[in-house]
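Worksheet: the structure to be examined is printed underneath.
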Amino acid sequence: MRASSAMTGVRTVIGLDIGGSKTHGIKLVDGSVVEDRIAGSANTQNVSTTTASRNLAGLLKALGADEADEVYVGSGGVDTDADKAALRSLITPHIPGVAVTIVHDTRLILAAAGARTGIAVIAGTGSAVWGIAPDGTEARVGGWGYLLGDEGSGYWLARESVRHALHRANLGLPTDDLSTALLEECGLNSPEELIRLFHGGADRTYWANKSRLVFACAQMGHPESLILIQQAGKSLAEQALQVATRLGIPGPVVLGGGLGVNQVALQESFTTHLAAHGLTEVHVLTTEPVFGVPFLAGKTSASTPEVDYMMMPSTRAHH
């Protein structure tokens, strides 16, 4: 039976970051991380409700969440109260009696960077931008999902690479480096076979993972891959600029998500486009977003992983 924090004097919080390709969970006891686990995605825009529930059940059990005072969740795809209620219904059966707080996963980005105000940009399987001004005003751009947007994301880059291969085939042109890499990766012989594969049930994570081919080809100087990366960075920058304009703040801008954190070429495109519009305080998140939970939950500890900024090339002096 779970003992309350009022009885024991010890507060236990579970933090979850539900992304497009994985769910990252931590257990905090009085602000100190005592468990750190990874499970499959529980985002129902990417996986079935059954899969999401199963992944959450396994992760919550591994974290000992039934002993928690609160579960704090950051997730994509929670745009309305109904979305939050649907996600809560997948979580609460596994932790009866435990309070559950759900926020959009962009909030974890700023929190993990230790920033109370600014603009958070996620570039991962999908993409979204959220910001908060010193007076508490909030604004969000994007995060519409893969059918309506997700510009600059891993899925978007992969889809555009498929379109590139098909366009060349329509013009009667031979496969180029990007098309060849994509066909080999997918085990196909011709661009036309991509159509069936793309519409045949391969999930978003499968395609988002293919975005690495664009970066690999760009490193070899493939012109169209370089253009796609520039377009991705520009799209993300434009969304960040829209949030900055609505809130009337110059930043800081914090870039997170698997693609944003790991692909230097995207970082450079993103920061260059922002700098052209006067936003130069741009940082790349150097810790996992889930470690923003202690900040949001109001429980920080010297034993939690150190959070720091890494300044990317911009018009400001390099650090």
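The closest side-chain heavy-atom distance from Leu63 to Leu59 is below 4.5 Å. By the 4.5 Å heavy-atom criterion applied to side chains, Trp156 and Gln231 are counted as neighbours. Between Trp207 and Ser161, the closest side-chain pair of non-hydrogen atoms is not below 4.5 Å. At a threshold of 4.5 Å between non-hydrogen side-chain atoms, the residues Asp83 and Ser75 do not count as touching. Residues Leu110 and Trp130 have side chains in contact (heavy-atom distance under 4.5 Å, counting atoms from C-beta outward). Put simply, the side chain of Ile91 reaches to within 4.5 Å of the side chain of Val73, judged on heavy atoms. Side-chain contact between Leu296 and Thr101: absent, with no pair of heavy atoms (C-beta onward) separated by less than 4.5 Å. Side-chain atoms of Arg168 and Pro174, non-hydrogen and from C-beta on, do get closer than 4.5 Å to each other.
Looking at Asp36 and His24, their side chains do bring a donor and an acceptor atom within 3.5 Å of each other. Checking Thr180 against Thr175 by side-chain atom types alone, a donor-acceptor pair falls below 3.5 Å.
Side chain of Ser153 to main chain of Ser127: no donor-acceptor pair is present (N/O by atom type, distance under 3.5 Å, no hydrogens or angles). In this structure, the side chain of Gln267 engages the main chain of Gly260 through a donor-acceptor pair within 3.5 Å. Judged purely by atom type and a 3.5 angstrom limit, Thr245 uses its side chain to pair as donor or acceptor with the backbone of Leu241. The closest donor-acceptor contact from the side chain of Arg246 to the backbone of Val243 lies at 3.5 Å or more, if one exists at all. Proximity of a side-chain donor or acceptor of Glu193 to a complementary backbone N or O of Ser190 within less than 3.5 Å is detected. Under a 3.5 Å cut-off, the side chain of Ser211 and the backbone N or O of Ala208 do form a donor-acceptor pair.
By the 30° and 60° cut-offs, the orientation of the rings of Tyr146 relative to Tyr155 is perpendicular. Ring geometry for His222 against His164 counts as perpendicular: the plane angle is over 60°, on a 0 to 90° scale with 30° as the lower cut.
Salt-bridge formation is detected for the pair Arg204/Asp150: a Lys NZ or Arg NE/NH1/NH2 atom is positioned less than 4.0 Å from an Asp or Glu carboxylate oxygen. Ion pairing of Arg140 with Glu138 is absent here, as no side-chain N (NZ or NE/NH1/NH2) approaches a carboxylate O to less than 4.0 Å. Arg11 has a carboxylate O that lies under 4.0 Å from a charged side-chain N of Glu70, or vice versa, which qualifies the two as a salt bridge.
When each of Ile109, Val129, Ile132 is checked for a side chain to side chain contact (heavy atoms under 4.5 Å, CB included) with Ile119, only Val129 meets the rule.
Here the shortest heavy-atom pairing between Pro96 and His94 reads CD-C, 3.5 Å. Nearest heavy atoms, Ile18 versus Asn43: CG2-N, 3.5 Å. In this structure, Leu279 and Pro250 approach most closely via the heavy-atom pair CG-O, 3.6 Å. When all heavy atoms of Pro289 and Asp17 are compared, the pair lying nearest together is CB-OD2, 3.6 Å. When all heavy atoms are compared, the tightest approach of Ala123 to Leu266 is CB-CD2, 4.3 Å. Counting all heavy atoms, side chain and backbone alike, Ala65 lies closest to Ile95 at CB-CG2, 3.6 Å.
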* Derivation of the side chain to side chain contact (heavy atoms under 4.5 Å, CB included) call for Glu67 and Lys27 -> CA-CA 10 Å; Glu67 303 172 352; Lys27 182 177 185 178; 3.0 Å; yes
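Grouping the Ile, Leu, Val, Met, Phe, Trp and Tyr side chains by contacts below 4.5 angstrom, directly or via other members, places Val13 with Val33. Under the 4.5 Å side-chain contact rule for hydrophobic residues, Leu226 and Leu182 do not share a cluster.
For CG of Asp135, the number of neighbouring non-hydrogen atoms (other residues, nucleotides, ligands) closer than 6.0 Å is greater than 12. The number of heavy-atom neighbours closer than 6.0 Å to CZ of Phe215, taken from other residues, nucleotides and ligands shown, is above 12.
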